There are 2 protein chains.
Amino acid sequence: MGIDWGTASPLGLKLKSLGAQADDLNIVLQVLKRHVIVAAHDNVVQETDAPGQVTALLAGMSCAYKRWEDGGRSILTFQHPGDFCDLLGYVLPASQAAIGVQALTDCTVVVIDYQDMDKLLSRPTLAPAFWRASMLEAAVYRERLSHTGRGTALQRVAHLLCEQLARREAVSIHSPQLPLSQTDVADAAGLSVVHVNRTIQTLRRLNVLSKASHAIEVVDRKQLTEIAGFDGRYLIMPKLASKWDG
Amino acid sequence: MGIDWGTASPLGLKLKSLGAQADDLNIVLQVLKRHVIVAAHDNVVQETDAPGQVTALLAGMSCAYKRWEDGGRSILTFQHPGDFCDLLGYVLPASQAAIGVQALTDCTVVVIDYQDMDKLLSRPTLAPAFWRASMLEAAVYRERLSHTGRGTALQRVAHLLCEQLARREAVSIHSPQLPLSQTDVADAAGLSVVHVNRTIQTLRRLNVLSKASHAIEVVDRKQLTEIAGFDGRYLIMPKLASKWDG
DNA sequence: CGTGCTGTTGAGGACGATCAATGACGGTGG
DNA sequence: CCACCGTCATTGATCGTCCTCAACAGCACG
């Protein structure tokens with residue numbers, strides 16, 4: 001399929017941290033298909049699709065979103081290399097209805113056909129890894145839910161940024177820059193673009209974000225974490241809990 | 001263990017709708033333990049517990065919540081008969097940190113030890129059912145996330161109520177009454193109690209909620225759904241998708 | 001008969017939404 | 001090379017939803 005663990009390494013990293021064995025990874029590699037580049041702003045998964053395949057992100061940044069009648073967009077979660085874009089839709093097709101996935105930067109994605117997924121899940125060490133991947137997604141939703149609708153705009157934005165930094169570090173992306181527009185942040189935090197702009201300026205004034213660039217670049221991670229009240233434990237993978245061994 | 005499918009029927013209903021087979025259910029029945037009553041306001045699961053067991057709710061209503069330093073409480077989700085209280089914590093122990101489960105009414109619960117869970121998951125028709133149960137929970141989080149921080153207090157409260165009614169109907173509870181205090185609604189919707197009170201009064205004035213009782217009783221479901229913009233499809237269980245059959 | 005929880009009401013103020021306009025930047029085509 | 005365009009960032013002004021503080025009523029409980 002023209003895909004090796006060089007390009008697919010974020011996915012390998014992630015599955016390994018979820019408890020997959022070395023030989024599992026090779027099986028996964030075999031079923032990866034259609035190594036595709038999606039341009040920024042294009043859809044990775046259509047809202048209307050009944051897909052028949054699971055998409056995984058290898059490079060770039062995307063988001064799962066819901067579009068409203070009034071044209072508004074709610075960003076449900078951001079996705080980073082190694083993340084699955086629509087795993088929830090594989091298990092519960094109905095829940096994926098009306099939810100789309102959009103590339104925020106240029107993205108590299110691969111897909112796994114549902115039939116191949118079935119094969120993968122028949123492996124006793126791989127199935128729990130996928131289960132965990134989906135539960136990690138659930139944990140992210142739950143954590144964001146607990147912070148949204150609570151606290152000030154400053155705390156909400158700070159928490160959002162902390163989450164993305166932490167999730168990127170989990171797949172060895174240590175850059176302090178996040179390739180997000182302020183519009184993206186607004187749609188994810190449930191705030192207006194204008195207010196997000198002012199909030200980001202406050203963070204810059206506090207020397208938490210870089211004043212130099214117009215992009216989002218975190219220069220004081222510690223202070224950001226404090227403002228957010230961020231506790232990254234919910235993202236921690238328990239390396240191979242013994243109960244999965246047998 | 002003194003538990004039969006009479007008392008455990010909501011759990012049976014739920015697992016069946018998630019694709020479990022008849023003989024699976026009997027196996028589940030065998031490992032259910034410690035049929036316990038928890039009084040309203042007591043904790044079903046401690047925030048600090050490292051549990052070693054999964055709890056399922058058979059009767060009553062509970063909530064998963066997060067407690068803040070300032071004493072505030074965020075309600076992450078409500079739980080109804082047939083729901084698991086801490087399934088996420090079984091798959092990802094770390095994510096359950098600092099999250100508690102509290103009884104909102106008097107509750108009947110059973111527990112399944114982690115060792116027994118491992119046994120259950122070795123059954124190829126049962127494991128997907130549990131996966132789906134957890135994904136359904138994720139879908140609920142995601143849907144609430146998309147509505148929280150968007151729309152008016154009226155819409156948010158209406159959506160919350162719609163969700164609970166729909167989830168209760170899925171386990172054959174068709175009562176229009178919800179045993180929730182306004183404080184519970186406030187903590188779940190991310191609004192102040194005072195404002196929830198005014199919002200509920202508005203709903204009563206619109207003849208959506210009963211004016212007679214001080215409890216929450218929905219008398220005009222259709223209008224409530226309209227106000228909420230509620231689309232219950234995300235809760236729908238695909239009855240036994242063929243891909244799980246083999 | 002207190003005590004605590006829940007529901008209710010009033011008044012004032014703050015945070016963030018909305019509307020409107022401008023500036024900066026990169027790409028595209030003439 | 002420059003004019004034009006779309007996207008994104010920025011700023012100002014006004015307005016409204018919702019929060020906060022405060023007080024009181026009903027009810028169940030010991």
Side-chain angles (χ1 to χ4, degrees), chain A residues 39-42 61 63 68 70-75 102-106 147-158 160 177-205 209-217 227, chain B residues 39-42 61 63 68 70-75 102-106 147-158 160 177-205 209-217 227:
Chain A
H41 297 93
D42 281 3
M61 191 158 169
C63 69
W68 304 97
D70 59 20
R73 176 183 68 160
S74 286
I75 290 185
Q102 186 180 32
L104 299 177
T105 68
D106 290 350
H147 282 268
T148 307
R150 226 200 119 73
T152 64
L154 194 69
Q155 295 171 309
R156 299 228 293 270
V157 169
L160 199 62
Q177 300 199 6
L178 289 171
L180 292 173
S181 74
Q182 296 185 359
T183 307
D184 297 330
V185 175
D187 288 348
L191 298 166
S192 70
V193 201
V194 173
H195 203 66
V196 163
N197 179 281
R198 290 179 172 133
T199 304
I200 285 180
Q201 285 177 54
T202 304
L203 286 171
R204 286 209 256 258
R205 225 172 297 122
L209 295 184
S210 163
K211 290 173 175 169
S213 82
H214 278 199
I216 297 177
E217 179 179 350
I227 292 171
Chain B
H41 297 93
D42 282 3
M61 191 158 169
C63 70
W68 304 97
D70 60 18
R73 176 183 69 161
S74 286
I75 290 184
Q102 186 180 33
L104 299 177
T105 67
D106 290 350
H147 281 269
T148 307
R150 227 200 118 73
T152 64
L154 195 68
Q155 296 172 308
R156 300 229 292 271
V157 169
L160 199 62
Q177 301 199 6
L178 289 172
L180 292 173
S181 74
Q182 295 185 0
T183 308
D184 297 330
V185 174
D187 288 348
L191 298 166
S192 69
V193 202
V194 173
H195 203 65
V196 163
N197 178 281
R198 289 177 174 134
T199 304
I200 285 181
Q201 286 178 53
T202 303
L203 286 171
R204 287 209 256 257
R205 224 173 299 121
L209 295 185
S210 163
K211 290 173 175 168
S213 83
H214 278 199
I216 297 176
E217 179 178 351
I227 292 171

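Letters A, B, ... mirror the listed sequences (proteins, then strands); counts begin at 1. Heavy atoms only: backbone and side chains are in, while hydrogens, waters and symmetry mates are out. Given the structure is predicted, the values throughout are model-derived calculations rather than measurements.
- Between the side chain of A:Gln102 and the backbone N or O of A:Cys63, no donor-acceptor pair lies under 3.5 Å.
- Between the side chain of B:Arg198 and the base of C:dG10, at least one donor-acceptor pair of N or O atoms lies under 3.5 Å.
- Spacing between atom CD of A:Gln182 and atom P of C:dA24 amounts to 16 Å, rounded to whole angstrom units.
- Contacts of A:Ile200 with the nucleic acid, taken as non-hydrogen atoms under 4.0 Å apart, are absent.
- Per the geometry, CG belonging to B:Asp184 stands 13 Å off C1' belonging to C:dG7, to the nearest Å.
- Between the CZ atom of B:Arg198 and the CG atom of B:Leu154 there is a distance of 14.5 Å, given to the nearest 0.5 Å.
- At the heavy-atom level, A:Ser181 lies under 4.0 Å from the strands shown only through sugar-phosphate atoms.
- Atom pair A:Gln201:CD and D:dA9:P shows a separation of 11 Å (rounding to whole Å applied).
- Among the protein residues, B:His195 comes within range of the nucleic acid bases, having at least one heavy atom under 4.0 Å from a base atom.
- Using a 4.0 Å heavy-atom distance criterion, B:Arg204 is classed as a sugar-phosphate-only contact.
- Within the structure, a side-chain polar atom (N or O) of B:Asn197 is placed less than 4.0 Å from OP1 or OP2 of C:dT8.
- One distance of note links CG of B:Leu191 with OG1 of B:Thr199; it measures 6.5 Å at 0.5 Å rounding.
- For the pair B:Asp187 (side chain) and B:Ser74 (backbone), a donor-acceptor distance under 3.5 Å is absent.
- Look at CG on B:Leu191: it is 15 Å from C1' on C:dG16, rounded to the nearest Å.
- Backbone-only contact: A:Gly190 has heavy atoms under 4.0 Å from sugar-phosphate atoms and none from a base.
- Distance, A:Leu104 CG to D:dC8 C1': 14 Å, rounded to whole Å.
- Put simply, the side chain of A:Asp106 never gets that close to the backbone of A:Ala39: no donor and acceptor are under 3.5 Å apart.
- Base engagement by B:Val194 is indicated by at least one non-hydrogen atom pair under 4.0 Å involving a base atom.
- To the nearest angstrom, P of D:dC19 lies 14 Å from CG of B:Asp70.
- One interatomic measurement links the two molecules: CZ of A:Arg150 to P of D:dC18, which rounds to 17 Å at whole-angstrom precision.
- Residue B:Arg73 contributes atom CZ, which lies 12 Å from atom P of C:dC5 at whole-angstrom precision.
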